[in-house]
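Taking it in order: structure first as structure tokens, then the write-up.
First the proteins, then the strands, lettered A, B, ... as listed; each starts at 1.
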2 protein chains.
Amino acid sequence: MKSQRLARHRIPERAITRLSIYLRCLEELLADGTLAVSSQQLANRFGLNSAQVRKDLAYFGQFGVRGLGYYTGELKGNLERILGLTQQWEVALVGLGNLGSALLNYRGFQQRGFRLAAAFDNDAGKVGMRIGRVPVFDVERIVPILKRRRIKMAVIAVPAAAAQAVTDQLVAAGVNAILNFAPTQLSVPKRVKVQNVDLSVMLKTLSFYTTRSARAS
Amino acid sequence: MKSQRLARHRIPERAITRLSIYLRCLEELLADGTLAVSSQQLANRFGLNSAQVRKDLAYFGQFGVRGLGYYTGELKGNLERILGLTQQWEVALVGLGNLGSALLNYRGFQQRGFRLAAAFDNDAGKVGMRIGRVPVFDVERIVPILKRRRIKMAVIAVPAAAAQAVTDQLVAAGVNAILNFAPTQLSVPKRVKVQNVDLSVMLKTLSFYTTRSARAS
DNA sequence: TAGATTGTTAATCGATTAACAATC
DNA sequence: TAGATTGTTAATCGATTAACAATC
């Protein structure tokens, strides 16, 4: 068993993204009572190549059995470990405007083991409240509160103009993963990972393809 | 002026995504009163390569002036035209649960010229209501209503288990662009473009990098 | 004209896929 | 053992970057 060895190559981010997609599939297979699955079967589900599935997994270890495939439950456990899903993560949310409030009420985070543990806003009217179970603090207090609670992940839902300043605070507080809903490019040190959820960009991309279809027909 | 010519090469989706990022930048530059900008200046803003900026633009025409760069206003107009942003798009929203309701109240769509024109749910208690200005219909009526109103874009916010059935209805109704919030891979004909907004996958990716940072330190 | 920057071709890089020896 | 499928190397493909003639 070499599953604990460190990856020898730089791992492409797309491979990581695919791991969580494989994981979702394994959960379904396990629910169906499927005990083992081949890379070909996994690949078929997403229109991927079986070599890619094997390669993605091989970045992290040898999880398969030649001639048989992968044991569903065992692989699921390994992927959960690799992705860091064996622990519940506490997440800070910054910005309680239209979008931030929606996210605070969204149950998707909790369902997936990510607990919104603290919210921040610059509106004195909101500071001190509790929304659901989540306490609301002044943005000025990001650094001490996140440090004390050892929060390592944050969601940014402030206007684009304020996003970089907020990011700098989060970075200073030791955060190393940010889910960014602000429509702007954040500048962060290398140790920090940012995932942009830019609805604006996605809508414009869709608009392009729709326009194109309209022209073509 | 060859700006209207059809693209000769297949255009990578990433290039389209970058176009809308350039557009955002041009809006800022225009607000600052900057009349012209070089590919190098644009590239610097995002840590991209200037050749890439030029190449992305060149897929669609010759918009620059040698020795000078690109006229801000002119390029902005061209990008808006290419992306299909000169018209307001009507968008259908399917699913009024926790997430769908949040999206209905989210002002980001309207702000960007995408108008939520109709919502659909399978809960009889919601059907017939108006939320804000948006009428709520039964999901069974997707096809006739979208056809009649010629709606070409849709947002899916239903549970994963229902997403494919909803998609099939949208496709039958003539939709050709889908923003999918359901955590599942949708199968669609080639003419239809899907953008997945998979918070679950993004959170897991962040979890991976956070775990890794934690291990490294 | 001299300097600057485009548009485009060629070189490089990285990711995907094919192929196959190892082995269950 | 025979058949199947992994893990991994080599080949392919596509996207990014460098380089430079064209030209404002």
By a strict heavy-atom criterion of less than 4.0 Å, which residues belonging to residues 33-56 of chain B are in contact with DNA chain C? B:Ser38, B:Ser39, B:Arg54, B:Lys55
Atom-pair distance (CZ on B:Phe63; C1' on C:dT8), nearest Å: 15 Å
Starting at atom CD1 of A:Ile16, determine the distance to atom P of C:dG14, rounded to an integer number of angstrom. 17 Å
Considering just the side-chain nitrogens and oxygens of A:Tyr70, establish if one lies under 4.0 Å of OP1 or OP2 belonging to D:dG7. yes
Which heavy-atom pair separates B:Leu79 from B:Leu26 by the least distance, and what is that distance? CD1-CD1, 3.6 Å
Determine whether more than 12 heavy atoms belonging to other residues, nucleotides or ligands lie under 6.0 Å from atom CZ of A:Arg14. no
With a cut-off of 6.0 Å (strictly less than), are more than 12 heavy atoms of other residues, nucleotides or ligands near CZ of A:Arg191? yes
Output yes when B:Glu80 and B:Lys76 qualify as a salt bridge under the 4.0 Å nitrogen-oxygen rule, no when they do not. yes
Can you say whether a donor on the side chain of A:Arg66 sits under 3.5 Å from an acceptor on the base of D:dT6, or the other way round? yes
Just how far is it from atom CZ of A:Phe46 to atom CZ of A:Arg24, taken to the nearest 0.5 Å? 8.5 Å
Rounded distance (Å) that lies between atom C1' of C:dG7 and atom CG of B:Leu68: 15 Å
How large an angle, rounded to 10°, do the end axes of the helix from C:dG3-D:dC24 to C:dC24-D:dG3 enclose when each is built from five base pairs? 10°
Counting neighbours of CZ on A:Arg107 that are heavy atoms of other residues, nucleotides or ligands and sit closer than 6.0 Å, is the number greater than 12? no
Just how far, in rounded Å, is C1' of C:dG7 from CG of B:Leu75? 14 Å
Heavy atoms from other residues, nucleotides or ligands near OH of A:Tyr106 exceed 12 (cutoff 6.0 Å): yes
Rounded to whole angstroms, how far apart are CG on A:Asn78 and C1' on D:dT6? 15 Å
Contact list please: residues 17-26 of chain B against DNA chain C, heavy atoms, distance less than 4.0 Å, in numerical order. none
If you measure from OG1 on B:Thr17 to CG on A:Asn196, what distance do you get to the nearest 0.5 Å? 11.5 Å
Measure up the A:Phe60 and B:Phe208 rings against each other and bin them: parallel (under 30°), tilted (30 to 60°), perpendicular (over 60°). perpendicular
Presence of A:Arg10 side-chain N/O under 4.0 Å of C:dA15 phosphate oxygens OP1/OP2: yes
Give, for atom CG of B:Asn180 and atom CD of B:Gln185, the distance between the pair rounded to the nearest 0.5 Å. 8.5 Å
Of A:Val65 and A:Ala15, the one whose closest nucleotide on DNA chain C sits nearer the 5' end is A:Ala15
To the nearest Å, give me how far apart CZ (A:Arg14) and C1' (C:dT17) are. 15 Å
Rounded distance (nearest 0.5 Å) linking atom CG of A:Leu29 with atom CG of A:Leu42: 6.5 Å
